[in-house]
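Worksheet: one structure, shown below.
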Protein chains: 2
Amino acid sequence: MGRRRVTLADVAKATGVSTTTVSLVLAGRGAELRISDDVQRRVRSTAQELGYRRNTLSVGLRTGHTQTIGFVSDTVASSLLAGNMIKGAMEAAHQRGFMLFCGESGGDPDVERALVEAMHDRRVDGIIFAAMYTRTVAVPEGLDDGPAVLLNALPAAYSSVPSVLPDEVEAGRAAARILVDAGHREGVHLVGAGPGLDDVPPNSIAARERLIGMRQVFDAAGVEVVSAHQCPKWMPEDGYDTTREILRHHRPRALVCLNDRLAFGAYQALAEAALSVPDDVSVVSYDDHPIASWVRPRLTTIALPHHELGAKAVEVLFAASERRRRAKSAPVVHRVPMSVQLGASVRNVSAPSRQSGDRASVHAHKTK
Amino acid sequence: MGRRRVTLADVAKATGVSTTTVSLVLAGRGAELRISDDVQRRVRSTAQELGYRRNTLSVGLRTGHTQTIGFVSDTVASSLLAGNMIKGAMEAAHQRGFMLFCGESGGDPDVERALVEAMHDRRVDGIIFAAMYTRTVAVPEGLDDGPAVLLNALPAAYSSVPSVLPDEVEAGRAAARILVDAGHREGVHLVGAGPGLDDVPPNSIAARERLIGMRQVFDAAGVEVVSAHQCPKWMPEDGYDTTREILRHHRPRALVCLNDRLAFGAYQALAEAALSVPDDVSVVSYDDHPIASWVRPRLTTIALPHHELGAKAVEVLFAASERRRRAKSAPVVHRVPMSVQLGASVRNVSAPSRQSGDRASVHAHKTK
DNA sequence: CGGCTGCGCTAAATCGTGTTAGCTTCCCAG
DNA sequence: CTGGGAAGCTAACACGATTTAGCGCAGCCG
């Protein structure tokens, strides 16, 4: 029940020493300041016995360190990305005895500022400012009053705040390489962005960099992308509509969808058109959203390293706190590699032996 | 940059009054304690001018209130439920100037205890202990050292901690009513739980209560459920396998899937069997997972009120803090209603006019 | 002229911890 | 016998707010 908590003074009195001594012993500075082994033992044992726990508020007030990190995101709900990034951050933080303050701005700059202020009021040791899809963000005023990191985002204007991002260019290369390695040279279409590097959703870094990476590999392999289609929203419906549009004019051999939800929509349209994945059309996409493993056949997708991103952000934050004591250094961009998740949605068209996902069933269309 | 924050003393000195006065004025107790209007004005204006913000740590140390709530969940990553509950809680908390500490236990009782302790160390004003799927939980030791609420969970043993849960029984009735109202009397199958009330995933409250609700309505309408199938995991693959199993022996007219992911798997199996939703088979499910609106036709589903659950938990927590000052009252279970999300996956088989989802396309199977 | 009352404000204690400066006691060398 | 140093601990202040008790002053009354 609401029993009063045990304080340092309680432990001191019970042990028969001063609070100073208890404080020193429990901070591990006993030896350094010549507290006898006997007293140290007694202090520790009574502290344990009384169930003493230090009051973090008090420590924070005195030392300025609260063992706490603020995590401000734009939206947590709409995407699993958020959950996993937070989880990664929480685990990394928890490992060092830190806790996370979580706040969601909904993308509203006023709320962003308010959250950053509220966190500074609580004297967090640093703030992670996260975007739920990789994009440029306006750094809120006051963010750099303390150590800070942008997660999954780059600053829109110049800023001294470091960033942690997925390595999207390399991901682009990886996706293209999968198709090229599987022998695909013709009938490749892009769903979600392109053909130009600016034909991407607003502020989207992911789309642009993926396009860059893909172009590198496709150009080198002599692959010409037949058509590319920008979609503003990257939802299944957009993938569905776009794929139907493609099918109206072409007979595609491979689709690169800029995320898994688009790919899901593409699956639906292909099924309606009685085209089989991967026998008729190979599909590659990005993100490794849960849906990627739910569809049949499973998608081959380049995974967003949600968890690692969150953990890396915490790591960078700690490094920044260290560095802060010395000089202010230039902003840094940290890239976290994205890994290939192999599904059965790509068919090797060069190999003689048929190598599609073995029992993979397909969707087909029954006309009204 | 790291400029020293403005303190109460700074404001006091700049105004030419004592810190007491400033504190009283800013706490709104100026009138009550007879501070002249003139001084009040001056205090407020210099505070504003200097950009004074109170140090929450200090206030917390002095008053015992930190304007902070702890949110401990078992898993945040695997389900969107989590994100939305947290979001609901965050918004409700933010409205009253509170922030949320977030922690994830991964279901490990040791971690749970550690998190609860860490939050009490930071002197949170209350703790929300949340489960990501509705179930019974062991209340961690120390949770009731302060105000606390179980979210989406009931205590396994007796506990004085109140609970906030979705109204699953009513949801069960709603799902059954949808089919009954649409004229379905025969060929109804359950995917995910049943036939007995104990044929449910371990500790699952949702499954059991949904079964209860459905049984009430089906019994009253004289509907006999043809078959019911417990699935341990409620993932798409389980829905797929179960539906194939059903199709081996029956020709179903309606499926009730105990969540949307199961329903998604069912869609896949039905498509393979060249059965159309809803023309051949109606499908109803639970949760309103994003997938429900991505499939074609959209699922009719009973929505989990994630957001409201989170908000309600905060509300109950505040009420508990109030009540705590008086007597300890009996534990309470709060139920939050679940709403019907209409899709196009149910066909009215009684009405003369055909009333299926108009342009809804269907999945069919192309045999190898 | 002294005492009482009400007004407007402040001194000082307090919350729980960290930290600096210094106090006592003992030992030993000079 | 005395001075110096080390060992082992503690007193006291600081962190930034809240809160209780009460101070000085003016005015009024008897």
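Note that the coordinates shown come from a computational prediction; the quantities given were computed from them, not determined experimentally. Chain letters run A, B, ... following the sequence lines, proteins first, then strands; residues in each count from 1.
Two residues are said to be in side-chain contact when any heavy atoms from C-beta on lie closer than 4.5 Å; B:Pro155 and B:Thr136 fail this criterion. With contacts defined as side-chain heavy-atom distances shorter than 4.5 Å, the pair B:Met132/B:Ser73 qualifies. Looking at heavy atoms from C-beta onward, B:Val316 lies in side-chain contact with B:Val164 at the 4.5 angstrom threshold.
Regarding A:Leu57, its CG atom lies at a distance of 22 Å from the P atom of D:dA14, rounded to whole Å. When the P atom of D:dG16 is taken as reference, atom CG of A:Asp121 falls 14 Å away, rounded to whole Å. When rounded to the nearest whole Å, the span between CG of A:Leu26 and C1' of C:dT19 equals 15 Å. C:dT14 atom C1' lies 14 Å from atom CG of A:Asn55, rounded to whole Å. Residue A:Gln67 contributes atom CD, which lies 14 Å from atom P of C:dT17 at whole-angstrom precision. Per the geometry, CD belonging to A:Glu32 stands 15 Å off C1' belonging to D:dA7, to the nearest Å. Nucleotide C:dC9 holds its P atom 9 Å from the CD atom of B:Gln40, rounded to whole Å. Atom CG in B:Leu8 sits about 12 Å away from atom P in C:dT10, given to the nearest Å.
Listed nucleotides C:dG8, D:dT10, D:dG16 differ in distance to B:Arg34; the shortest reach to its side chain belongs to C:dG8. Of the candidates C:dT17, C:dT10, D:dA17, the closest approach to any side-chain atom of B:Leu24 belongs to C:dT10.
Dashed line: the shortest gap from a side-chain N or O of B:Thr7 to OP1 or OP2 of D:dA17 is under 4.0 Å. Under 4.0 angstrom from either OP1 or OP2 of C:dC9 there lies at least one side-chain N or O belonging to B:Ser36. Applying the 4.0 Å criterion to OP1 and OP2 of C:dT17, one finds that A:Ser58 has every side-chain N and O outside that range. Phosphate proximity of C:dT19 to A:Arg29: present, with a side-chain N or O under 4.0 Å from OP1 or OP2. Taking only side-chain nitrogens and oxygens, A:Ser18 never comes nearer than 4.0 Å to OP1 or OP2 of D:dC9. For D:dC15, the OP1/OP2 oxygens have no side-chain nitrogen or oxygen of B:Arg5 closer than 4.0 Å. Considering only side-chain N and O atoms, B:Thr21 lies under 4.0 angstrom from the phosphate OP1 or OP2 of C:dT10. Under 4.0 angstrom from either OP1 or OP2 of D:dT10 there lies no side-chain N or O belonging to A:Thr20.
Taking the ring centroids of B:Phe71 and B:Phe101, they lie at or beyond the 6.0 Å cut-off.
A donor-acceptor contact under 3.5 angstrom links the side-chain atoms of A:Arg62 to the base of D:dA14.
Residue contacts for B:Arg123: at a heavy-atom cut-off of 4.0 Å it reaches no nucleic acid atom on any strand shown.
Position along DNA chain D of the nearest nucleotide to A:Ile35 versus A:Thr19 favours A:Ile35 as the more 5'-ward residue.
Partner A:Pro140 forms a side chain to side chain contact (heavy atoms under 4.5 Å, CB included) with one of A:Ile127, A:Asp110, A:Val116 and no other, that one being A:Val116.
The distance from atom OG1 of A:Thr56 to atom CD of A:Gln67, rounded to the nearest 0.5 Å, is 7.5 Å.
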